[in-house]
Amino acid sequence: MEEPQIPKNLRKPIKKTIKKTTIIQRKSKKTSSKIQKSHFEDDDNDNESNPSCSFSSFLEKWPILVSDFYQIDALELAPLLLGKYLRKDNVVLQITEVEAYRPNDSACHGRFGVTARTAPVFGPGGHAYVYLCYGLHTMLNIVADKEGAGAAVLIRSCAPIIGLETIQQRRGMVTEKPVLLAGPGKVGQALGLSTEWSNHSLFTPGGLELLDGPRPQHILVGPRVGIDYALPEHVNALWRFAIAGTPWISAPKNTLRPP
DNA sequence: CGGATGATCTGCT
DNA sequence: GCAGATCATCCGT
């Protein structure tokens, strides 16, 4: 699988990148310990904070989720995905913000039926649905529910867990701030996804995998982003979910509230 | 910090 | 043709 090129308008002049590096690296040491704190129930997890803790012990602690996990309504699956880990080779991201898209949902890509692009949405749960947005952003969804249902969960934001340098390289910026991974297009870019990853199985070892993860203590809900074309009942539905307290949330944040 | 804008391609409202 | 589950940059406060 080839590494997708960074689109021209998303590239930065080399001068600026270097300049930023020095500024950001100074700040990052302070913030990193703060970010790790206590948005999760079992906080004995030393994998993220202890650099000497090996990659393999992380993988031992958080096994790949099985196919059965996904065979439920997208509205039920979406909040369950918060805190789980996305892994592709040496990069691991933790899911912090998602949106559910469902059958008979005027905002869902499946609303016109099966097309070449949306076919994976109608497949069995547990596969990726990756599509190109605005011609340049790759958006990662996780297909939900039984075969034929037509439901998926959009991954809107993640926190970087392992492989920060690879993530920064793919994103074309050296920072640990939310601008690195808060937004669905950024997640796709950080994972190095192209539309060729659409329909990839997430429960089969190799390639892109979804691992179990800690359960968030508190969850926020809100209306979904960027679906003004949909019916009012779907525009207003509170089908966006995020981990309470995490900085890894896309805009707008002020529409999120406790359930 | 907020609003406007261009990039770039897919499927059809 | 055109709008779209977006993002980074530019220019104004």
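Basis for what follows: all heavy atoms, side chains included, without hydrogens, waters or symmetry-related copies. Residue numbers start from 1 in every chain, and the chains themselves are labelled A, B, ... in the order their sequence lines are given, proteins ahead of strands.
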Minimum-distance nucleotide (side-chain atoms of [X] versus [options]):
| X | options | value |
| --- | --- | --- |
| His137(A) | dT6(C), dA8(C), dA7(B) | dT6(C) |
| Met139(A) | dA8(C), dA7(B), dT6(C) | dT6(C) |
| Tyr134(A) | dA8(C), dT6(C), dA7(B) | dT6(C) |

Practice item. Under 4.0 Å between any heavy atoms, over every strand shown, what does Leu154(A) touch: base, sugar-phosphate, or nothing? Just pick one. Key: base

How many Å lie between [atom1] on [X] and [atom2] on [N], as a whole number?
| X | N | atom1 | atom2 | result |
| --- | --- | --- | --- | --- |
| Lys186(A) | dT6(C) | NZ | P | 12 Å |
| His109(A) | dC9(B) | NE2 | P | 17 Å |
| Arg224(A) | dT6(C) | CZ | C1' | 17 Å |
| Arg156(A) | dT6(C) | CZ | C1' | 9 Å |
| Asp228(A) | dT6(C) | CG | P | 10 Å |
| Leu181(A) | dC7(C) | CG | P | 11 Å |
| Gln189(A) | dT8(B) | CD | P | 14 Å |
| Leu180(A) | dC7(C) | CG | P | 12 Å |

Check your understanding: Val179(A) and Thr175(A): which non-hydrogen atoms are nearest, and at how many Å?
Key -> CG1-CG2, 3.8 Å

Review point. For the rings on Phe203(A) and Phe69(A), is their centre-to-centre separation under 6.0 Å?
Key: no

Exercise for review: For the pair Tyr129(A) and Tyr131(A), name the ring-plane relationship: parallel under 30°, tilted 30 to 60°, perpendicular over 60°.
Suggested key: parallel

Review point. What would the secondary structure line of DNA chain C be in dot-bracket form, counting Watson-Crick and G-U wobble pairs under 3.5 Å, with [ ] for pairs that cross earlier ones and | for pairs with another strand?
Key: ||||.|||||||.

Point to revise | Enclosure of Gln217(A) CD (heavy-atom neighbours >12, cutoff 6.0 Å) | key: yes

Between the protein and nucleotides 10-13 of chain B, which nitrogen or oxygen pairs come in under 3.5 angstrom?
unit_1, atom_1, unit_2, atom_2, d
dG11(B), OP1, Arg117(A), N, 3.4

Check your understanding: Taking Glu99(A) for the side chain and Val225(A) for the main chain, is one N or O donor matched with an acceptor at less than 3.5 Å?
Key -> yes

Check your understanding: Can you tell me how far P in dT5(B) sits from the matching atom in dT13(C), rounded to whole Å?
Key -> 16 Å

Exercise for review: Tell me yes or no: between the side chains of Thr118(A) and Thr115(A), is some donor less than 3.5 Å from an acceptor?
Suggested key: yes

